[in-house]
Amino acid sequence: MENRAIARLLAETADLMEISAEDSFRIRSYRTAAGVIEGYPEQMASILKDPEKKLTDIAGIGKGIAAIIEEIEERGSFERRDEMLGKYPAGLLELLNIQGLGPKSVRLLYDTYKVESIDELERICKEQKLRDLPRMGAKLEEKVLRSIASYRKTQGRFLLSFGQRAADELIEYLSSVAGVETVTAAGSLRRGKETIGDLDLLATGTGAEAALEKFVSHPRVHEVLGKGPNKASVKFGLEGLQVDLRALGAESYGAALLYFTGSKEHNISLRSRAQKLGFTLNEYGLELLDNARLDNETRVASATEEEIYAKLGLDWIPPELRENSGEMEAAEEHKLPRLVEERHIRGDVHMHTTESDGRATLAEMAEAARERGLEYIAITDHSKALAMANGLDEKRAVAFAHQVREMDQRGLGLRVFSGLECDILRDGKMDLADDALAELDWVVGSVHSYMNLEAAEMTDRLLRAMECPHLKAIGHPTGRILLHRESFPFDFEVVAAEAARRKIYLEINASPERLDLSAALIRAAKARGCKFVISTDAHHPKHLANMSYGVRMARRGWLEPRDILNTHSAVDFAKAIA
DNA sequence: GCCGTTTTCGGCCCGACTGTTTTCAGTCG
């Protein structure tokens, strides 16, 4: 079973255990293990098969969880999970997504009214029966009904790009308040996660409290979830994105930024470390433990993240790595990667023009790329299998390649390579014949159809495609569309190993709807020796700006400039693909 | 259930806010 699926079984069991009010520390262990496994670059199944390796060597996995993983591999479930599912139906898990309800309330609702679905919960609220339960009232009924509506609309997640736009808008708005010095986005947005659940903003300066007032009165705020002297939470915009704003003094800025950037697992790990070193860490600072008075005299660090990490014996950890998946150990040993940055990117090698389904001409795309400071691009229009995208057949592809070369030689202000995004057909053959592909500088192979094959068939399809001598890269390798479509099933590790062997690049597609590969897969592929390209797949000049999202995914995958082909010069790119 | 330059047993991250209370449990991040 895939790591992600194993992690999910553990996390769900932890949720059920929480509803069942089991030991909270055991629950935490399950959650920690789930997080570690989800981000682990190697499949649990292959570790089990390897006599050289032990699951218990992974931090967060001990004898108990190792046995559970073995049991999962054997039969798809494990004893405690079965036991929990015997006590509480799986439907309760979804109820935990409703804001205002936690495990205690979910259990009470189930025990009292047998509520085990969102629909039933909605009915109980509408019939005003929730208020009959202890410590619950009319206000909670209303809150839960609003939460249900919001959950149904969005499933609670938003694209990173959506969060970024909201953050930009609010930061500009709040920065205009007198006395506000800085407004910064923290949370999963700062970590560059492909989807975010909410938006966390921090404001510093004497005007920070005034910023809270202005915040809750923003015209696009349509619900205030809470407001105190230090923080406020609202639902923002028609989509109902939750935004939290925190007001704080500049002296605590680093501690607060660290705290609100998360991830939660990273924070817990950090605090645990602080405790062992005789400190306590909260959002106000790092303080000496066992000191009766917690005041400035006991505070050892708080103004910047760097000083807090340093006091804990760690190098500063880039936000994208803060997922409690090895970054703490690397920071301790001064072995953190020197992550790729957007300024390292010198070319963009997946984009479309009006020749297929792009919205701008070759000249317009080239001009936009030049304005962005790129040194080279590759034009990769679709192949004929994508008829609805006006994909190119052999004749058109070759003719267009000539046209691209001609324009390149006339000079467009940057180097333009002739390429193609060639469909990988159902049986793994390329959509265009070899002799046509041979005319092109750069062929990206992508799957756009028959995505519901069995995993083995899909794996074979990709392996077969890589036999094509002209294939240089695999485009959006998993086919996922965020919040809409899961990755198609295939054995990623086998495909990645073959790509590494054949020196075929894996694309990190920077389109905000895709962000394909995920961080975990990037790490897994890198561990197998793969190299990458980060590409925007732009269909319009403005899409070229999406490069920043692709770079953030690469950073989350621990990539350095040398792992990425398009950080190299046009000359070196040409050499590498020749 | 995990983990160990205090420990193989006994710890395990921390605080704000809300709504319902008669002093705080539950939820959230």
Side-chain angles (χ1 to χ4, degrees), chain A residues 10 13-14 17-19 21-36 55-69 78 80 95-109 130-144 147 156 186-188 191 196-202 212 224-233 242-248 252 255-256 258-287 289-290 294 312-313 324 332:
Chain A
L10 284 168
T13 305
M17 286 163 71
E18 200 158 31
I19 290 169
E22 309 276 312
D23 175 64
S24 64
F25 299 113
R26 179 176 289 166
I27 293 168
R28 179 188 301 171
S29 296
Y30 277 59
R31 293 234 167 88
T32 307
V36 167
L55 289 174
T56 48
D57 288 342
I58 302 170
I61 297 181
K63 273 166 67 180
I65 302 273
I68 286 174
I69 295 171
F78 57 101
R80 190 177 287 277
L95 296 183
L96 291 173
N97 292 320
I98 301 302
Q99 279 189 324
L101 294 187
K104 295 283 191 294
S105 309
V106 166
R107 177 178 184 166
L108 190 56
L109 278 160
L130 190 77
R131 62 182 68 180
D132 296 339
L133 296 175
R135 302 192 71 91
M136 296 189 189
K139 280 198 165 179
L140 185 66
E141 265 170 7
E142 282 171 34
K143 179 176 182 173
V144 167
S147 300
S188 45
R191 298 203 312 280
I196 62 163
D198 61 13
L199 179 57
D200 298 292
L201 299 176
L202 306 180
L212 288 176
V224 179
L225 298 168
K227 181 173 172 297
N230 300 313
K231 66 178 269 196
S233 296
Q242 179 170 332
V243 185
D244 298 338
L245 175 65
R246 188 95 181 182
L248 47 118
S252 298
L258 186 60
Y259 178 83
F260 288 105
T261 297
S263 65
K264 196 174 176 182
E265 292 72 22
H266 179 86
N267 284 352
I268 289 174
S269 180
L270 215 49
R271 285 203 200 118
S272 189
R273 182 181 180 90
Q275 201 174 48
K276 279 177 200 136
L277 295 171
F279 302 115
T280 176
L281 178 63
N282 59 30
E283 61 261 56
Y284 301 108
L286 184 68
E287 295 165 343
L289 204 61
D290 296 330
L294 293 181
L312 296 173
N324 196 33
E332 185 172 22

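In what follows, chains are A, B, ... by sequence order, proteins preceding strands, each numbered from 1.
Rounding to whole angstrom units, CD1 of residue A/Ile69 and P of B/dG1 are separated by 13 Å. Regarding A/Leu248, its CG atom lies at a distance of 14 Å from the C1' atom of B/dG15, rounded to whole Å. Atom pair A/Glu283:CD and B/dA16:C1' shows a separation of 8 Å (rounding to whole Å applied). Between A/Leu258 atom CG and B/dG15 atom C1' there is a gap of 15 Å when expressed in whole angstrom units. With rounding to whole Å, A/Ile268 atom CD1 is found 14 Å from B/dG29 atom P. At whole-Å resolution of the value, CG in A/Asn282 and P in B/dG15 are 5 Å apart. A straight line from CG of A/Asp244 to P of B/dC28 spans 12 Å, rounded to a whole angstrom. B/dC2 atom P lies 11 Å from atom CZ of A/Arg80, rounded to whole Å.
Pair check for B/dT27 finds B/dA16; Watson-Crick or G-U wobble, both atom distances under 3.5 Å.
Here A/Gln242 pairs with A/Gln99, A/Asp244 under the side-chain hydrogen bond (donor to acceptor under 3.5 Å, both in side chains) rule; sequence neighbours left out. Here A/Arg131 pairs with A/Glu141 under the salt bridge (charged side-chain N to carboxylate O under 4.0 Å, His left out) rule; sequence neighbours left out. In this view, A/Arg28 and A/Phe25, A/Thr32 satisfy the side chain to side chain contact (heavy atoms under 4.5 Å, CB included) rule, not counting sequence neighbours.
Comparing the P positions of B/dG1 and B/dT6 gives an interatomic distance of 28 Å, to the nearest angstrom. Taking atom C1' in both B/dC12 and B/dC17, one finds a spacing of 25 Å when rounded to whole Å. Nucleotides B/dG11 and B/dA16 place their P atoms 26 Å apart, quoted to the nearest Å. Nucleotides B/dG15 and B/dC9, compared at atom P, are 31 Å apart to the nearest Å. Taking atom C1' in both B/dA25 and B/dT20, the straight-line distance is 9 Å, to the nearest Å. B/dG29 and B/dT23: their C1' atoms are spaced 24 Å apart (whole Å).
Interatomic distance, NZ of A/Lys264 versus CG of A/Asn324, reported as 13.0 Å (0.5 Å rounding). Between A/Arg31 atom CZ and A/Glu18 atom CD the span is 4.5 Å, to the nearest 0.5 Å. Interatomic distance, CG of A/Leu95 versus CD1 of A/Ile19, reported as 7.5 Å (0.5 Å rounding). Here A/Glu283 contributes atom CD and A/Asn230 contributes atom CG; the two are 9.0 Å apart, rounded to the nearest 0.5 Å. Here A/Ser233 contributes atom OG and A/Leu245 contributes atom CG; the two are 9.0 Å apart, rounded to the nearest 0.5 Å. For the atom pair A/Thr280 OG1 and A/Leu286 CG, the distance stands at 8.0 Å (nearest 0.5 Å).
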Heavy-atom contacts, protein to nucleotides 17-25 of chain B, under 4.0 Å, summarised as B (base), S (sugar-phosphate only) or - (none) per nt, yield SSBB---BB
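Taking side-chain N and O atoms only, A/Tyr284 has a distance below 4.0 Å to OP1 or OP2 of B/dA16. OP1 or OP2 of B/dT27 lies within a sub-4.0 Å distance of a side-chain N or O belonging to A/Ser105.
A/Leu281 comes within contact range of the sugar-phosphate backbone alone, with a heavy-atom separation under 4.0 Å but no base atom that close. Across all strands, A/Asp23 comes closer than 4.0 Å to base atoms (heavy-atom distances). Residue contacts for A/Gln242: at a heavy-atom cut-off of 4.0 Å it reaches the sugar-phosphate backbone alone, with no base atom in range. Nucleic acid contact for A/Ile98: sugar-phosphate only, since backbone atoms but no base atoms lie under 4.0 Å from a heavy atom of the residue. Residue contacts shown for A/Gly100 are limited to sugar-phosphate atoms, with no base heavy atom under 4.0 Å away. Within the nucleic acid shown, A/Ile27 has no heavy atom closer than 4.0 Å to any nucleic acid atom.
Counting only residues at least two apart or in different chains, side chain to side chain donor-acceptor pair (under 3.5 Å) contacts with residues 56-68 of chain A are absent.
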How far apart are the C-alpha atoms of A/Glu287 and A/Asn282, what are their side-chain angles, what is the distance that settles it, and do they pass the side-chain contact (heavy atoms from CB on, under 4.5 Å) test?
CA-CA 8 Å; A/Glu287 295 165 343; A/Asn282 59 30; 4.1 Å; yes
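Taking only side-chain atoms of A/Phe25, from C-beta outward, the nucleotide of B/dC12, B/dC2, B/dG29 with the closest atom is B/dC12.
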Heteroatom pairs (N/O) under 3.5 angstrom, protein to nucleotides 3-9 of chain B:
unit_1, atom_1, unit_2, atom_2, d
B/dC3, OP1, A/Gly60, N, 2.5

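In this structure, B/dT7 is classed as syn because its glycosidic torsion stays within 90° of zero.
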